[in-house]
Structure formats: structure tokens, C-alpha cells
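A quick write-up on the structure given underneath.
A note on names: the letters A, B, ... follow the listed sequences, proteins ahead of strands, and every chain is numbered from 1.
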Amino acid sequence: MDRPTLPKGTRDFGPAVMAKRQFIFQTIRSVFERYGFLPLETPAMENLSTLTGKYGEEGDQLLFKVLNSGDFLKEADEALLSSRDSRRLTPVIAEKGLKYDLTVPFARYVVMNRHEITFPFKRYQIQPVWRADRPQKGRYREFYQCDADVIGTDSLVCEAEIILMIRDVFAKLGILTYSIKINHRGVLAGLARLAGAWNQEGALFVAIDKLDKIGEDGVKTELINRGFSPDALTDLFSVLHAKGTNPEKLALLRNKLGNHEAALASIADLEKVFDLVNLLGGDDAPVELDISLARGLSYYTGCIFEVKIQGVGGGSVSGGGRYDNLTAVFDAKEKSSGVGFSFGVDRLFDAMEELNLFPEETQRSSQVLVCHLDEDCQRYGLKVVQSLRSQGIAAEIYPDSSKMKKQLEYADKKKIPFAAVIGSDEMKSGVLAVKNLKTGEQHLQTLEQLIALLKPVHKP
RNA sequence: GUGAAUGUAGCUCAGUUGGUUAGAGCAUCAGAUUGUGAUUCUGAGGGUCGCGGGUUCGAGUCCCGUCUUUCACCCCA
């Protein structure tokens with residue numbers, strides 16, 4: 001019999017890892033809720049027709065398809081079957097697929113429930129998504145996204161609040177060295193015009209997005225190979241070279257792209273976003289206007305963001321942007337503008353592990369272990385542990401009558417900070433021998449004193 | 001999807017031109033210590049060498065296939 005294995009790119013999460021993951025989930029959830037977002041969950045599976053065509057050709061390839069139930073080949077067309085054309089056969093035998101992100105199912109939900117929804121609708125969603133990508137560091141086939149989107153308004157306050165939420169989350173997680181990059185599709189459109197991109201916008205954006213990776217020469221070579229003229233590229237790079245503060249970059253953009261209406265409007269958008277971030281947050285650090293930022297799904301139409309943590313590998317940990325036409329894909333009458341972003345929990349986890357940022361408390365199963373020397377002491381201890389629990393203190397009692405050494409080792413391994421030892425002396429006197437496992441100090445304390453010591457302090 | 005590496009104990013890794021019974025550290029368990037962990041000492045358990053096939057008198061070592069993980073491309077959280 002073969003030993004069981006996991007499908008490629010999927011993982012189990014044991015208790016120690018889960019404690020850390022929960023810390024990230026709870027941090028993100030609390031920030032989302034503080035900004036007035038409400039939770040939503042959608043199914044793991046969607047109809048394939050809901051998913052296909054929303055992520056570009058590459059994305060369609062990365063969708064996991066779910067085979068129809070029953071004897072689906074019986075119904076299938078004979079000629080199609082013998083053609084062995086997977087591309088044409090798939091829609092016939094697989095009508096469902098695992099969701100690829102949370103934004104498209106959200107748009108589907110909005111279109112299906114528009115009469116019950118109060119707009120602007122702010123929802124957050126924390127669920128796994130699946131991509132049939134080849135796994136690498138920081139790239140999994142099943143991973144969690146934490147999305148927050150606002151739909152039904154084109155106000156740039158939403159963009160600004162997204163930036164503030166990212167700052168709040170990172171501050172709470174203890175991540176200090178990171179950058180939030182921002183750009184605008186209108187700016188990219190202006191660049192495309194400058195470069196004479198005609199119908200090659202996609203190729204242009206893919207190339208300039210690699211600027212910090214392959215450098216100016218690399219980008220130029222790639223674009224010339226794709227038929228761009230060297231002269232046009234000189235103009236393009238005069239803009240891409242923009243350095244300095246965000247206002248300085250904006251001034252340069254205005255100067256270089258000023259004759260392009262869409263670009264001008266997008267520059268004004270970016271200015272407004274920076275203005276709002278400064279107003280709401282005091283300053284705009286660590287937001288950086290990055291004119292070469294061109295990532296993001298095909299449906300973004302306005303501002304786009306990407307967040308990277310410095311000094312760690314594994315790609316961006318968050319990204320998002322504004323989309324004007326996403327709901328229209330499901331219903332042409334539906335033309336609401338939306339903006340949202342997503343945290344990649346698995347990448348945040350990897351980065352925090354690498355930077356050693358998880359607080360030790362995440363590994364604590366409880367605050368105190370009640371230890372005992374015999375069965376009578378355990379019976380006495382059972383009442384003690386219930387009293388502690390009733391006071392909101394996470395407490396546990398060692399379930400077997402084992403040697404003290406074993407009980408304390410158990411507390412040590414589970415990172416429980418205190419042990420309350422009960423023997424015949426303690427039962428007689430009514431006090432507990434409370435041992436601090438970190439310092440090794442031990443004092444006799446009443447139950448009330450122990451409760452006062454461990455009672456959870458009110459968190460701000 | 002294209003190209004390339006990797007895999008030996010729970011973990012990190014040794015293992016000679018192919019040669020007898022595959023090793024170490026850490027971890028685990030037991031004892032030294034029948035009311036005290038994390039420090040010390042003693043001992044013990046733990047391996048289909050990723051899996052399958054081939055070459056050979058003989059394979060952890062060489063060859064082929066496969067899976068896993070990783071890296072680059074593509075794309076992305």
C-alpha cells in the first residue's frame with residue numbers, strides 16, 4: 001500500500017502553523033471590520049461560465065475544472081470525443097470550476113443580489129482560491145485571499161482607505177519594511193501612446209512591469225524584438241526614469257503626458273488619492289507612485305496597487321485596483337464601479353516567518369496548566385480549572401495522574417506560561433503553588449490572586 | 001504550459017572510484033530524581049536510502065521512467 005500524499009501545491013496546516021495563520025486572519029478581519037466592511041462567503045465552485053474569460057487567456061488555463069457527476073461521457077458527442085480536443089471537450093464534461101479569485105465571484109453575487117444590497121456595498125471575504133499553476137516559493141495551488149471591495153461608487157476615498165487599511169494591517173502584524181506601489185491604467189494608456197504601441201498594449205505593459213527586474217536594457221531589448229521603434233522607446237523611458245517624491249513624479253507625468261486626456265484625468269485621480277491619504281493618515285509613506293507598475297488582472301481600469309515586503313522573497317503580498325466593468329460582464333445593464341484589494345495570507349505567513357515576526361503568544365495553548373499529584377488532587381484541581389475558565393482565562397488540567405516532571409514538560413512544550421501545582425499541602429491550606437515556567441519562580445497564591453494575575457487585560 | 005536542479009531517521013545533513021551490518025547532531029522515549037520543566041549524566045527506539053524499473057557478482061552511489069520540492073520563463077496572492 002502506498003503512503004498517502006497531498007496533491008501538488010497543497011499543504012496541511014498543523015496547530016503551530018494554524019495559530020500563526022489565525023493571528024494573520026484575525027488581524028486582517030479586525031481591520032476590515034473597523035472600516036465598515038461586512039463578511040461574505042461564496043462557494044468553492046462556480047459555474048465554469050462564470051469564471052472563464054475573466055482572467056485573460058493565461059487565467060483560463062489556470063482554472064481547475066470539476067468533472068460533471070454521473071456518466072457524463074454517455075451524453076458527450078461522439079465526434080467531439082474521438083477528436084481528442086481537450087479544449088473543446090472540457091466545457092462539455094466539466095461545467096464547474098474551483099474559484100480562481102474572490103473578486104469575480106463577488107461581482108457575480110452583486111449582480112444576482114442587487115435588489116437586496118445597499119450601495120455603496122462594502123464586503124470582505126476570506127476564503128481559499130485555487131490555481132493550476134506550477135508551484136514555487138510563495139506560489140501554491142491552494143491559497144487564501146483576504147479581499148475587501150467597495151462597489152457602487154467611484155469615490156477616490158475608497159482608494160485612500162485601502163491604503164490606510166494596508167498600513168493598519170502591517171502595523172498590527174509588526175511588518176515595518178514594505179512599500180505600497182500605486183499606478184493608474186490611464187497613466188499606462190498615456191505611456192502606450194508615447195511608445196506608439198498600437199495594438200501591442202499588453203506586450204508593452206508586461207515588459208515595463210519587469211523594469212526593476214531585468215533593467216532598462218532588458219526591457220528595451222524585449223520591446224524592440226516585439227517591433228517597437230527605438231525612437232518611441234526614448235520618449236517612453238524619459239517618463240519611466242521619473243525619480244523623486246510622488247509630487248515630483250506627478251509633475252513630470254503632467255508635463256510629458258499632458259496632451260493626452262485620459263492620462264490627465266488619471267494623474268488628477270492619483271493626486272487626489274495622495275491628498276486623501278495625507279489628510280486621513282498624516283503622511284503618504286510608504287506609498288510610492290511607480291509608473292512602471294503594470295501588473296494586475298485584465299479587468300482593472302483605474303488605480304492599481306501592489307504591496308511588497310522588503311528583504312524577503314516570494315512575490316507581492318497584496319494587490320488590487322479599480323474596475324469599472326466587472327459587473328457588466330454578467331449583466332450589460334449593470335455598470336457599477338468598484339475598487340478592491342487582496343492580501344495573500346500564505347505569502348504574508350512566509351514573509352513573517354522569514355522575518356521572525358510572530359509574537360510568542362500565538363503559540364500558547366492556554367495561560368495556565370493545573371498540575372496534580374494524585375487523583376484527589378486532580379478532583380480538587382478540576383474545580384480550580386473551571387473557576388479560571390469562568391473568569392475568561394484559558395486554562396487546562398493534565399488529564400492523567402502522571403509524574404510532576406511529565407506534567408511540567410507538557411506545559412513547557414505547549415508554551416503555557418504558568419503551572420498551578422496542587423498537592424495535599426495545597427488542598428489543606430487552600431492556596432496554589434503557582435510556578436512561572438519562564439523564570440522558574442514559584443509562589444503560594446490564592447485562586448483569587450491567580451485570577452488577578454492572569455485575567456485578560458482589556459485590549460484597546 | 002517550456003527548460004533545469006533536488007530527494008538518505010521526525011528535523012538538519014555526512015556517506016570515498018559501485019563493495020560486508022547506512023552514520024552524526026538535534027528531537028523523541030526511558031532511567032538517574034516517587035512534589036518541579038527548560039540546564040547535566042546514562043541508555044534505548046527510530047531507515048522499503050521518494051517510488052518503479054534497468055545495468056552489475058554486488059546499487060544510497062550508475063542509467064531510464066515517475067512523483068515531490070525548488071529555480072528560471074509565463075503569469076500571479
Side-chain angles (χ1 to χ4, degrees), chain A residues 1-11 14 24 28 55-63 86-87 100-103 126-147 166 202-203 205-207 209-210 213-214 218 222 294-298 300 304-309 313-321 340-351 369 371-374 377 398 401-427 433-442:
Chain A
M1 188 93 89
D2 285 341
R3 278 204 299 251
T5 56
L6 285 172
K8 190 201 287 271
T10 66
R11 297 145 307 148
I24 298 176
I28 292 172
Y55 309 106
E57 213 171 303
E58 286 284 342
D60 285 354
Q61 252 186 342
L62 298 179
L63 287 172
S86 313
R87 244 187 139 140
Y100 178 92
D101 73 355
L102 303 179
T103 310
I126 299 179
Q127 289 192 271
V129 299
W130 294 268
R131 295 182 189 177
D133 214 343
R134 186 173 290 204
Q136 271 181 45
K137 191 190 185 85
R139 176 179 296 191
Y140 307 99
R141 288 186 148 183
E142 177 183 61
F143 61 96
Y144 271 76
Q145 291 196 324
C146 304
D147 276 38
I166 294 170
F205 297 160
V206 165
D209 187 57
K210 292 187 224 165
K213 197 172 176 184
I214 61 176
E222 185 169 328
R295 310 195 119 196
L297 299 166
S298 42
Y300 291 133
I304 51 179
F305 331 94
E306 178 175 273
V307 183
K308 278 188 173 162
I309 297 174
S316 60
V317 294
S318 178
F341 75 115
S342 180
F343 286 110
V345 173
D346 305 80
R347 287 183 176 178
L348 277 174
F349 179 94
D350 291 346
L369 178 73
C371 305
H372 42 82
L373 290 159
D374 57 41
C377 298
Y398 198 81
S401 290
S402 301
K403 281 189 285 191
M404 189 51 50
K405 176 187 164 83
K406 189 145 189 180
Q407 298 187 44
L408 288 171
E409 270 177 357
Y410 178 81
D412 192 49
K413 273 181 204 152
K414 291 188 72 177
K415 305 270 194 288
I416 299 170
F418 292 95
V421 179
I422 296 167
S424 50
D425 295 350
E426 284 78 9
M427 279 203 288
V434 176
K435 183 172 179 118
N436 180 328
L437 276 291
K438 203 161 189 178
T439 62
E441 283 175 55
Q442 183 167 322

Which part of the nucleic acid does A:S318 contact within heavy-atom distance under 4.0 Å: base, sugar-phosphate only, or nothing?
sugar-phosphate
First locate atom CD1 of A:I24, then atom CZ of A:F349, and finally report the distance between them rounded to the nearest 0.5 Å.
7.0 Å
After noting the C-alpha distance and the side-chain angles of A:V129 and A:F143, does the key distance pass the side-chain contact (heavy atoms from CB on, under 4.5 Å) rule?
CA-CA 6 Å; A:V129 299; A:F143 61 96; 3.5 Å; yes
Step by step, work out the side-chain contact (heavy atoms from CB on, under 4.5 Å) result for A:I309 and A:L348.
CA-CA 9 Å; A:I309 297 174; A:L348 277 174; 4.1 Å; yes
Students often get this wrong, so: under 4.0 angstrom with heavy atoms, is A:V345 touching a base, only sugar-phosphate, or nothing?
nothing
Spacing of the P atoms in B:rG37 and B:rA30 (rounded, Å):
14 Å
If you find the nucleotide of RNA chain B closest to A:P7 and the one closest to A:Y140, which residue's nucleotide is nearer the 5' end?
A:P7
By the definition salt bridge (Lys or Arg N to Asp or Glu O under 4.0 Å), identify the one residue from A:R139, A:R141, A:K8 that meets it with A:D133.
A:R139
Dot-bracket encoding per residue of RNA chain B, Watson-Crick/G-U cut-off under 3.5 Å, | denoting interstrand
(((((.(..((((.....[...)))).(((((.......))))).....(((((..]....)))))).)))))....
Could you tell me whether the side chain of A:S342 and the main chain of A:S318 form a donor-acceptor pair under 3.5 Å?
no
How close or far is atom P of B:rC74 from atom CZ of A:F205, stated in whole angstroms?
17 Å
In this structure, how many angstroms lie between the P atom of B:rU69 and the CG atom of A:D350, rounded?
14 Å
So what does A:K308 touch, heavy atoms closer than 4.0 Å: a base, only the sugar-phosphate, or nothing?
nothing
Measure from the side chain of A:K210, starting at C-beta and using heavy atoms only, and say which of B:rC75, B:rA77, B:rU68 lies closest.
B:rC75
Quick one: A:R134 CZ to B:rU2 P, roughly how many Å, whole number?
7 Å
Pairwise C1' distance for B:rU17 and B:rU12, with rounding to whole Å:
28 Å
Looking across every strand, which nucleic acid part, if any, lies under 4.0 Å from A:V421 by heavy atom: base, sugar-phosphate, or nothing?
base
Distance between P atoms of B:rG47 and B:rA22 (Å, rounded)
12 Å
In whole angstroms, the gap separating C1' of B:rG37 from NZ of A:K415 amounts to 12 Å
In whole Å, I'd like the distance from the OH atom of A:Y55 to the P atom of B:rA77.
11 Å
Between the side-chain atoms of A:R131 and the base atoms of B:rA77, is any donor-acceptor pair under 3.5 Å?
yes
Regarding A:G138, tell me which of base, sugar-phosphate or nothing describes its non-hydrogen contacts under 4.0 Å with the strands shown.
base
To the nearest Å, how far apart are A:D209 CG and B:rA77 P?
11 Å
Would you say NZ of A:K414 has more than 12 non-hydrogen atoms from neighbouring residues, nucleotides or ligands within 6.0 angstrom?
yes
Categorize A:G9 for me: base, sugar-phosphate, or nothing, with a 4.0 angstrom heavy-atom threshold over every strand shown.
sugar-phosphate
Distance-only, no hydrogens or angles: does the A:R347 side chain make a donor-acceptor pair with backbone N or O of A:S316 under 3.5 Å?
yes
Among the nucleotides B:rA77, B:rU36, B:rA72, whichever has the atom closest to the side chain of A:A433 is B:rU36
Closest non-hydrogen atom pair, A:F341 against A:I166:
CE1-CG1, 3.5 Å
Fit a plane to each ring of A:Y398 and A:Y410, take the angle between them on a 0 to 90° scale, and name the class: parallel (under 30°), tilted (30 to 60°) or perpendicular (over 60°).
perpendicular
Base, sugar-phosphate or nothing for A:E426? Non-hydrogen atoms, less than 4.0 Å.
base
On a whole-Å scale, what distance lies between the P atoms belonging to B:rG23 and B:rU16?
14 Å
Sequence-aligned protein contact record of nucleotides 25-34 of chain B, with B where the base is within under 4.0 Å of a protein heavy atom and S where only the sugar-phosphate is
---SSSS---
For B:rU70 and B:rG25, measure between their P atoms and round to the nearest Å.
30 Å
When rounded to the nearest Å, what value does the distance between C1' atoms of B:rU61 and B:rG54 take?
15 Å
Taking for each residue the nucleotide of RNA chain B with the nearest heavy atom, is it A:E441 or A:R347 whose nucleotide lies nearer the 5' end?
A:E441
Within the structure, does a side-chain N or O atom of A:K435 lie under 4.0 Å from either OP1 or OP2 of B:rG35?
no
Ignoring hydrogens and geometry beyond distance, is the side chain of A:Q407 in donor-acceptor contact with the base of B:rG35 at under 3.5 Å?
no
Using a heavy-atom cut-off of under 4.0 Å over every strand shown, decide if A:G56 touches base, sugar-phosphate, or nothing.
nothing
Would you say the base of B:rA77 stacks on A:F343 (centre-to-centre below 5.5 Å, plane angle below 30°)?
no
How far, in whole Å, is B:rU21 from B:rC49 if one measures between their C1' atoms?
15 Å
A:D412 CG to B:rA38 P, in whole Å, measures 7 Å
Identify which nucleotide among B:rU70, B:rC75, B:rG35 has an atom closest to any side-chain atom of A:E58, counting heavy atoms from C-beta outward.
B:rC75
Just verifying a value: how many Å separate A:L373 CG and A:M404 CE, rounded to the nearest 0.5 Å?
4.0 Å
Could you work out the separation of B:rC75 and B:rC11 based on their C1' atoms and round it to a whole Å?
34 Å
Hey, does the side chain of A:D374 reach the backbone of A:S401 with a donor-acceptor pair shorter than 3.5 angstrom?
no
State the CG-CD1 distance between A:L437 and A:I416, to the nearest 0.5 angstrom.
8.0 Å
Can you check the A:K438 NZ to B:rU39 P distance for me, whole Å?
16 Å
